[in-house]
Amino acid sequence: MNTKKIILDSTRITYGVYIVIMVIDSLLSLVVASLLKQIIDSASAGDIRIFKIVLIKSVFLMIAVAIVSMSLYIFEANAKKKALTKYKDYIFENLLKKTNYSFKEENMGTYLSGMTNDVMQIETNYLKGTAELIANIFLFFGALFLMIYYSPILTVFTIIFLCVPIVLSLLLGNRLSMEETAVSDWNSHFMDFLQDFLNGFEVIKGFQAEKEVLNIFSKRDKQLEQTKYKKNCVIGGMKTIMAVGGLIPQIGILLVGTYLILTGNNVTVGILVGFTSLLGNFMNPIMSIPQQYSSRKASIALMEKMENALQKNVQSSVGYKLDHNPNIIRMDSVSYAYSDKTVLKDVALEIKSGKAYAFVGLSGSGKSTLINLISGTYNDYYGVIQYDNRDLREYNKDSIAESISTIRQNVFIFDGTIYDNITLFKDFTKSEVEWAIDCAGLRNMVEEKGLMFQCGVGGCNLSGGECQRISIARSILKKCYLLIADEATAALDVKTSYEVMNSIIELEKTTKLVITHQLDERLLRKFEKIIVIKEGTVYEQGTFEELMNRKDYFYSLYNVS
């Protein structure tokens, strides 16, 4: 299902009624032109009876215009609400189907722009634009029919006068489609740029790089606005053509019509007034349709661009379901590289169910990458990773995600209550939530602030340690087969860090993989094994006592720490 079909299916009936009403609304302008002719002719004939009939028609016409106009606004608003809500829901739903890795690889500005700037274009140029396009086609043929009916000769002159502006409008219409797409692309780039620099705000301030960043911002902003400027110039050119091109037929027809009246060629004043009124209804579609068609085409291109982006890096839902805690997770000759840089080399490892394992090593040694491979985040590795003798790639990615919980140093806290941030809107019993709060060392904070305390955007109302503990409670509450803690307690004080890490290690029926730089002997002695990573390899592994007796790399790391 594509994005265009999503928009149409979500509001098919309402949108259909909206188009019908818009067509009726446009055709009512033809009735106005006809009524003008009748009013002038009744005055020229001096017949009061005809005038009374025309007066009654005028009253009914005004009532009809009021009803149709109000109905048009109601159905237009309703159609936009249904279609755009469904469209954005569809984008976000499919965005959530992507793999974790895709968020590092893809241009997130595409989606931010797609649900903000592009939606405005789709609303104006596709939803409303399509309806206006259809209404203008009906208006064009309706006006043409009445113009021929009133005066074939004036109709011929009108078509001659309009040839030049029509050709120019068609040429500029194709240019407009290209400029619309260019603006959308630049909006995406600009969104990425803003996201990067806002995420690095603290670093910018710390290095006093405000002036340099401002210069970069100014350059990018000028490029974006220059692209918009080009688009607006094209639109301005089309409107100029419409203005000048519309003036030539109006003056020309008045002159030709006046001449025909003066020479007695079956053209009355009423016909000339009605024809002149029809002329606008005939010209507007001619001048508007190329721009509307091009804008609609550009909007479809935006939707197709979004659809193509959504199809990339989708998390596969096929494969075996992981419905138990693997007795053994085995890695054999596993290597992994980012682009041309090798991060892991020939890793061999066995992890037993329910045990706790510590991963230690210098920053950049490959610890996080190794954990990401075990949790199924990356598939483009060499070697073998098995859960109970079955290749990890054969498992359903959704079931792996359900079975693994990860506590990271970079914490996600949304603008909601402490309770909602812990549960992520899922249903848990009160005792389960209380247990997770105690394990994560959140008890004092909860008693002080309450579970309904608003965390603020990104947890701005909380300290870094409080955010970290919420993240830990959230992961513990999930009760997964495999719990991964990547520097999970880095933001906590020594006492709380020890208590929380001890709670994690002692979790029953859960396999624990812990990346840590804090080499606390009291905790390290509780791990089944300590896996020591050096330059992308498992350099050594064993219990705390075994590694210390070996007096090799781990021994040095421990003494330095």
Side-chain angles (χ1 to χ4, degrees), residues 22-45 50 54 57-58 61 65 129 131-176 234-296:
M22 182 166 278
V23 170
I24 294 171
D25 183 61
S26 66
L27 294 180
L28 281 175
S29 62
L30 302 181
V31 179
V32 172
S34 177
L35 197 60
L36 283 173
K37 173 188 173 298
Q38 294 176 42
I39 292 171
I40 300 299
D41 284 343
S42 69
S44 301
I50 296 176
V54 172
K57 288 181 179 179
S58 300
L61 176 62
V65 168
E132 288 177 341
L133 186 62
I134 294 171
N136 275 329
I137 291 171
F138 275 91
L139 181 61
F140 170 79
F141 284 107
L144 180 62
F145 173 79
L146 283 179
M147 286 167 65
I148 294 172
Y149 175 75
Y150 286 156
S151 177
I153 189 168
L154 286 177
T155 305
V156 172
F157 273 101
T158 300
I159 293 171
I160 292 172
F161 289 140
L162 284 171
C163 283
V164 174
I166 287 173
V167 172
L168 290 174
S169 290
L170 288 171
L171 292 175
L172 281 176
N174 291 328
R175 175 73 181 279
L176 179 61
V234 175
I235 293 174
M238 295 188 75
K239 288 183 176 179
T240 301
I241 291 171
M242 289 171 63
V244 176
L247 191 61
I248 294 171
Q250 286 176 343
I251 295 174
I253 290 303
L254 282 173
L255 292 172
V256 173
T258 301
Y259 174 79
L260 293 174
I261 291 171
L262 293 173
T263 55
N265 281 282
N266 296 322
V267 176
T268 66
V269 175
I271 288 176
L272 182 58
V273 171
F275 195 95
T276 305
S277 179
L278 284 170
L279 187 61
N281 296 321
F282 179 70
M283 286 168 44
N284 286 339
I286 290 176
M287 307 304 288
S288 300
I289 284 174
Q291 179 182 347
Q292 289 170 340
Y293 176 77
S294 299
S295 296
R296 183 180 183 275

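Here Thr258 contributes atom OG1 and Ile253 contributes atom CD1; the two are 10.5 Å apart, rounded to the nearest 0.5 Å. Between Leu278 atom CG and Leu139 atom CG the span is 9.0 Å, to the nearest 0.5 Å. Leu146 CG to Ser151 OG: the interatomic distance, rounded to the nearest 0.5 Å, is 12.5 Å. Rounding to the nearest 0.5 angstrom, the gap separating the CG atom in Leu144 from the OG1 atom in Thr158 is 9.5 Å. Note that CZ of Phe141 and CZ of Phe145 are 13.0 Å apart. Values are rounded to the nearest 0.5 Å. A distance of 11.5 Å separates CD1 of Ile251 from OG1 of Thr276, quoted to the nearest 0.5 Å.
When every heavy atom of Leu272 is checked against every heavy atom of Gly257, the shortest pair comes out as CD1-CA, 3.7 Å. Ala135 and Met22 make their closest contact through CB-CG, 3.6 Å (heavy atoms, listed as atom of the first residue, atom of the second, distance).
Between Thr155 and Phe275 there is a side-chain heavy-atom pair separated by less than 4.5 Å. Counting heavy atoms from C-beta on, the side chains of Leu30 and Leu27 come closer than 4.5 Å. Residues Tyr150 and Ser34 meet the side-chain proximity criterion, which asks for heavy atoms closer than 4.5 Å. Counting only heavy atoms from C-beta outward, the side chains of Leu154 and Met147 never approach each other to under 4.5 Å.
Counted within 6.0 Å of CG on Leu255, heavy atoms from surrounding residues, nucleotides or ligands total more than 12; the atom is thus considered enclosed.
By the ring-ring contact (aromatic ring centres under 6.0 Å, His included) test, Phe282 pairs with Phe140, sequence neighbours left out. In this structure Asn281 satisfies the side-chain hydrogen bond (donor to acceptor under 3.5 Å, both in side chains) test together with Ser29, sequence neighbours excluded.
Under the 3.5 Å distance criterion, the side-chain polar atoms of Ser26 are matched with a main-chain donor or acceptor of Val23.
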